[in-house]
Structures are given as structure tokens and as C-alpha cells.
2 protein chains.
Amino acid sequence: MTARTDAPTRREQILKEAARLFAERGFHGVGVDEIGAAVGISGPGLYRHFAGKDAMLAELLVGISGRLLTGAKRRLEEARGVSAPEVVLDSLIEGHIDFALDDRPLITLHDRELDRLRDTDRKLVRQLQRQYVELWVEVVRELYPQLAEPVARSAVHSVFGLLNSTPHLTRPGSLPGRAGTAELLHRMARGAFEAAVSP
Amino acid sequence: MTARTDAPTRREQILKEAARLFAERGFHGVGVDEIGAAVGISGPGLYRHFAGKDAMLAELLVGISGRLLTGAKRRLEEARGVSAPEVVLDSLIEGHIDFALDDRPLITLHDRELDRLRDTDRKLVRQLQRQYVELWVEVVRELYPQLAEPVARSAVHSVFGLLNSTPHLTRPGSLPGRAGTAELLHRMARGAFEAAVSP
DNA sequence: TCCCCAGGTTAACGACCGCTAACCTCCCTG
DNA sequence: CAGGGAGGTTAGCGGTCGTTAACCTGGGGA
């Protein structure tokens with residue numbers, strides 16, 4: 001992945017602020033004027049960059065799901081075959097945690113505002129999400145073959161709930177920083193999977 | 001707890017449907033006409049029972065937080081002293097799972113629409129939530145004394161995330177029914193706590 | 001130098017939404 | 001058997017919001 005050193009485009013600024021505001025107050029709770037104000041322009045100026053408010057949300061959600069999926073696919077390619085399934089799962093967990101810690105507003109939107117999308121966009125996002133889940137399920141069942149598929153899928157969803165709890169850990173000074181939080185979440189996720197298999 | 005055999009009042013009908021709709025489409029995404037239609041009356045008829053749309057959300061959120069807290073306090077009284085801390089934690093987990101499985105819309109609202117409340121109501125709800133968390137933290141630290149308090153609190157929040165994932169397990173036929181789901185979640189929660197303590 | 005377009009601005013429209021007003025209609029009670 | 005309140009109804013007001021229209025402006029090529 002090539003590092004971004006250039007300044008963010010106006011579009012990117014808008015998306016970032018829109019994500020923050022949508023996460024804070026909900027899609028319907030934010031007006032276009034507020035989004036504009038957050039990037040220093042006013043309401044209708046946004047329409048030079050996006051077809052409408054819906055389009056911003058759609059681009060955000062498709063972007064999230066897409067990046068989660070492609071990131072996971074990449075990690076799987078890199079690790080599979082050359083590593084034990086344990087290591088592959090660790091890599092998936094690590095990737096999800098990185099995302100949850102670095103893009104909290106997006107994590108929040110991701111399972112909160114999906115139903116506000118137009119049919120076609122919603123189906124696309126759901127498909128990406130489903131692929132992401134199935135990818136996890138495969139890896140989990142490779143590591144714990146005794147786990148029935150529906151149980152594995154439920155376990156994966158529950159671990160997502162655990163990892164996505166980062167927005168609630170916002171109280172500052174509560175933990176030894178990002179690294180400590182990431183390590184704690186990682187251990188807990190592994191422990192949850194372990195416990196899912198025992199009778 | 002005395003069983004309710006009498007029919008639900010109109011107020012209760014309204015609250016139930018409002019919870020469902022708010023959870024599905026967000027507070028701002030639901031109109032009073034829709035809430036009315038869901039209980040067979042039309043829009044402004046709701047104002048015979050509630051001061052306004054905000055009041056419905058407030059009553060829902062205060063009710064949720066209150067019931068969670070009082071339920072936990074009751075379970076703690078019943079179990080504490082006479083049981084090992086392990087059993088007390090199990091009882092807390094069981095209570096939370098029951099709630100998450102039986103009132104999914106409320107669980108969804110509970111961490112999603114809090115910011116839509118008037119200042120005074122929001123403070124009340126937050127206070128109830130905080131007491132509930134602290135109660136868990138105490139029990140967890142009783143069972144795992146080597147766990148530092150901030151770490152224990154983060155772990156509790158994360159386990160809440162895990163247990164509250166039930167709305168995402170909606171796909172029917174995915175699990176062996178309610179009992180199986182409850183048992184799986186319970187084991188995973190315990191496993192997550194176990195893993196939080198190891199170095 | 002001229003012009004054009006990317007990227008802004010403000011004004012305003014139409015739709016929607018929360019809420020109130022005014023009115024109606026049972027049913028329960030004195 | 002009157003009457004009054006509980007619990008509805010419809011009409012409509014006022015405000016907000018997403019979006020469009022019309023206009024402006026500065027800077028980079030032909």
C-alpha cells in the first residue's frame with residue numbers, strides 16, 4: 001500500500017466530516033448545511049462534489065465494506081499456505097482491529113445506517129459484508145473444524161460486535177493507549193472463539 | 001417477578017412499536033404518523049398518550065437502562081455472599097443475554113439514539129448505564145483481582161458489544177434456537193473475560 | 001489578453017414533519 | 001338519563017431540509 005503524502009482532496013475532506021457527523025447524530029440528524037460548514041463551504045456547495053446527501057452515505061458505506069474485504073483478502077493471500085490457520089486468523093483479527101481503532105466513525109456507520117441506502121447500493125454493501133463474513137467463517141472453521149458452520153458464523157458476528165465496541169471505549173485515559181487496547185481486544189477475540197468450540 | 005397476563009395498555013403498544021421503528025429506521029427516520037399507523041391510530045392521536053416524539057424515546061431509553069440496572073442489582077443481591085464470584089458473573093451474563101434476546105430493538109436503541117435525548121434525560125440514562133457498568137466491573141474484578149480497573153472496564157464494554165450483537169444474528173434458521181444462541185454467547189463472554197486476564 | 005470552467009455564493013421552492021386546534025363520539029358514572 | 005372526560009378524528013400552521021436555479025469569481029490555457 002502506497003503511503004499518502006499529498007493533501008486530501010475536497011471530496012475526501014467532505015467524506016471524512018460527513019462520516020463523523022453521521023456517526024455522531026445519525027444520517028437524518030445531520031443537515032447538508034452542517035456538512036458544508038464542517039469543511040468551510042456552505043450547504044449547496046456540496047453539490048459540486050456529490051449528487052446528493054444519499055450519495056455521500058453510499059460512497060462511505062461501499063468504501064468501508066470494500067476496504068474491509070480487500071484488506072482481508074490480501075491478508076489471507078499473504079498468510080495462507082505459508083502459515084498455520086492460527087496465524088491467518090490472527091492476521092484477520094489484527095486487520096479488523098486496526099480498522100476499528102483508526103476509523104471509528106466508519107465502524108459506527110457501517111452497521112447503523114445501512115438501511116438508509118437505495119436498494120441497489122444496499123445490496124452491494126450487503127454482498128461485500130457477506131463475503132467478508134464468509135471469509136472469516138472459512139478461516140475459523142479451518143482452525144476449529146469441530147465447529148458447525150452456523151455456529152461459526154454466529155461466533156464471527158459476535159466477535160465483530162466485540163471488536164466494534166471501540167467507539168464505546170472513548171473515555172480518554174482509560175487504557176494504556178492504542179497498542180494496549182488493540183492487544184486486549186485481540187486476546188479477547190481469540191478467547192471468545194476458543195470458548196465457542198468447547199462443549 | 002409477577003407474570004403479566006392482562007392485555008398491554010395502549011401506551012405499551014405505542015412504546016413497543018416505536019422501539020421497533022426507531023431501531024429499524026432511526027429516530028429521525030420515523031414519523032409520528034407511522035408510529036400511529038403501527039398501532040392502528042393516526043398521527044396526532046399519539047399526543048393523548050405522550051407529550052411528543054421525544055418523550056417516547058426518553059421513556060424507552062430510561063426504561064431500558066433502569067430495567068438493566070435493577071435486574072442486575074437484584075441478581076447480585078440474590079447471588080452475592082452465598083455464591084462464588086464465578087456464579088455471580090454467570091448470573092449477570094445470563095440476565096444481559098435474556099435482555100438482548102428478548103428486546104432486540106431496545107438493545108439497538110440503547111447505544112444508538114442516546115444523543116437524541118434532552119440534556120436532563122440523557123444525563124439520567126448515562127448515569128444508569130454507568131452504574132450498570134460499574135456493577136459489572138466490580139464483579140469481574142472480584143473474580144479476576146489481577147485485572148487493573150481500566151482494563152476491566154474496557155473488557156466489560158467489549159463483552160457488551162459481543163452480547164449486543166444479537167440483532168445481527170437475525171438470519172433465521174442459523175442457530176439451534178434461542179437456548180443454543182444464549183449458551184453460545186454465554187460461553188464466548190466467559191472466554192473473552194478469561195482471555196482478558198492472561199498476560 | 002480573453003475566456004471558460006471549477007468551485008463557490010445566495011435565494012427560493014416544494015415536500016415533509018412535529019405539533020396544535022377544533023371537533024366528534026362513545027362509555028362510564030352520579 | 002344527562003353529561004363529561006378519555007381517546008379518537010381531520011385540517012392546517014410553522015419550521016426545517018434537500019435540492020435547484022441563477023449568479024459570481026479567480027486562475028490557467030489557447
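These numbers come from a predicted model, not from an experiment. The chains referred to below are lettered A, B, ... by the order of the sequence lines, with proteins before strands, and numbering in each begins at 1. All values below come from the heavy atoms of this structure, side chains included, with hydrogens, waters and symmetry mates left out.
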Would you say that more than 12 heavy atoms from the other residues, nucleotides or ligands in this model lie under 6.0 Å from the CD of A/Glu86, or not? no
What is the distance from [atom1] of [X] to [atom2] of [N], rounded to the nearest Å?
X       : N      : atom1 : atom2 : result
A/Asp33 : D/dT19 : CG    : P     : 12 Å
A/Asp54 : D/dC17 : CG    : C1'   : 12 Å
B/Lys53 : C/dC16 : NZ    : C1'   : 11 Å
A/Leu57 : D/dG18 : CG    : C1'   : 15 Å
A/Ile14 : C/dA6  : CD1   : C1'   : 13 Å
B/Ile35 : D/dG8  : CD1   : P     : 15 Å
B/Tyr47 : C/dC23 : OH    : P     : 21 Å
B/Phe22 : C/dC17 : CZ    : P     : 13 Å

Has [X] got a side-chain atom pairing as donor or acceptor with [Y]'s backbone, closer than 3.5 angstrom?
X        : Y        : value
A/Thr108 : A/Arg104 : yes
A/Lys53  : A/Phe27  : yes
A/Thr166 : A/Ala100 : yes

Run the salt-bridge test on [X] and [Y] with the 4.0 Å N-O cut-off and return the result as yes or no.
X        : Y        : answer
B/Asp103 : B/Lys16  : no
A/Arg116 : A/Glu113 : yes
B/Arg20  : B/Glu17  : yes

Protein-nucleic acid N or O pairs under 3.5 Å, nucleotides 7-9 of chain C:
unit_1 : atom_1 : unit_2  : atom_2 : d
C/dG8  : OP1    : A/Arg10 : NH1    : 2.8
C/dG8  : OP2    : A/His49 : NE2    : 2.8
C/dG8  : N7     : A/Arg48 : NE     : 2.9
C/dG8  : O6     : A/Arg48 : NH2    : 2.2
C/dT9  : OP1    : A/Ser42 : N      : 3.4
C/dT9  : OP2    : A/Ser42 : N      : 3.0
C/dT9  : OP2    : A/Ser42 : O      : 3.4

Select base, sugar-phosphate, or nothing to describe what B/Val30 touches, counting heavy atoms under 4.0 Å on all strands.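 Sugar-phosphate contact only - B/Val30 comes under 4.0 Å of backbone atoms but never of a base.
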According to the Watson-Crick and G-U wobble definition with distances under 3.5 Å, which dot-bracket string, read 5' to 3', encodes DNA chain D, using [ ] for crossing pairs and | for pairs with another strand? ||||||||||||||||||||||||||||||
Does the structure place the NZ or CZ of B/Arg67 under 6.0 Å from the centre of the six-membered ring of B/Phe99, at an angle of no more than 45° from the ring's axis?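 Checked: cation-pi criterion not met.
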Under 30°, 30 to 60°, or over 60°: which ring-plane class applies to A/Trp136 and A/His96, parallel, tilted or perpendicular?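 Geometry flag for A/His96 against A/Trp136: perpendicular rings.
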